[in-house]
Amino acid sequence: MTQHTTPTSRICPNCDGQASAAITLGGRDRNGHLRTITAHCPACHGTGTMHARRTREGARA
């Protein structure tokens, strides 16, 4: 029997799959830990993948 395969997900072209980044704010808190924020890619919303666009065959020009 043939196996159904799921389509491969496309890597986001804006972030190249590195969807989230920890950015230091330049200081430390009272416990000595670095203060960081997490920034997400605005195009893929932090997932690292984009949905494949469907092309319509026979579309009018």
Gap between atom OG1 of Thr36 and atom CG of Asp29 - 0.5 Å precision: 10.0 Å
Min side-chain heavy-atom separation Ile37-Leu25 under 4.5 Å: yes
Nearest atoms (heavy-atom pairs only) where Cys41 meets Asn14: SG-CB, 4.2 Å
His33 backbone acceptor or donor facing Asn31 side chain under 3.5 Å: no
4.5 Å side-chain heavy-atom contact, Cys44 and Cys15: yes
Nearest atoms (heavy-atom pairs only) where Ile11 meets Gly17: CG2-N, 3.3 Å
Reference residue Cys12; test side chain to side chain contact (heavy atoms under 4.5 Å, CB included); the match among His45, Gln18, Met50: Met50
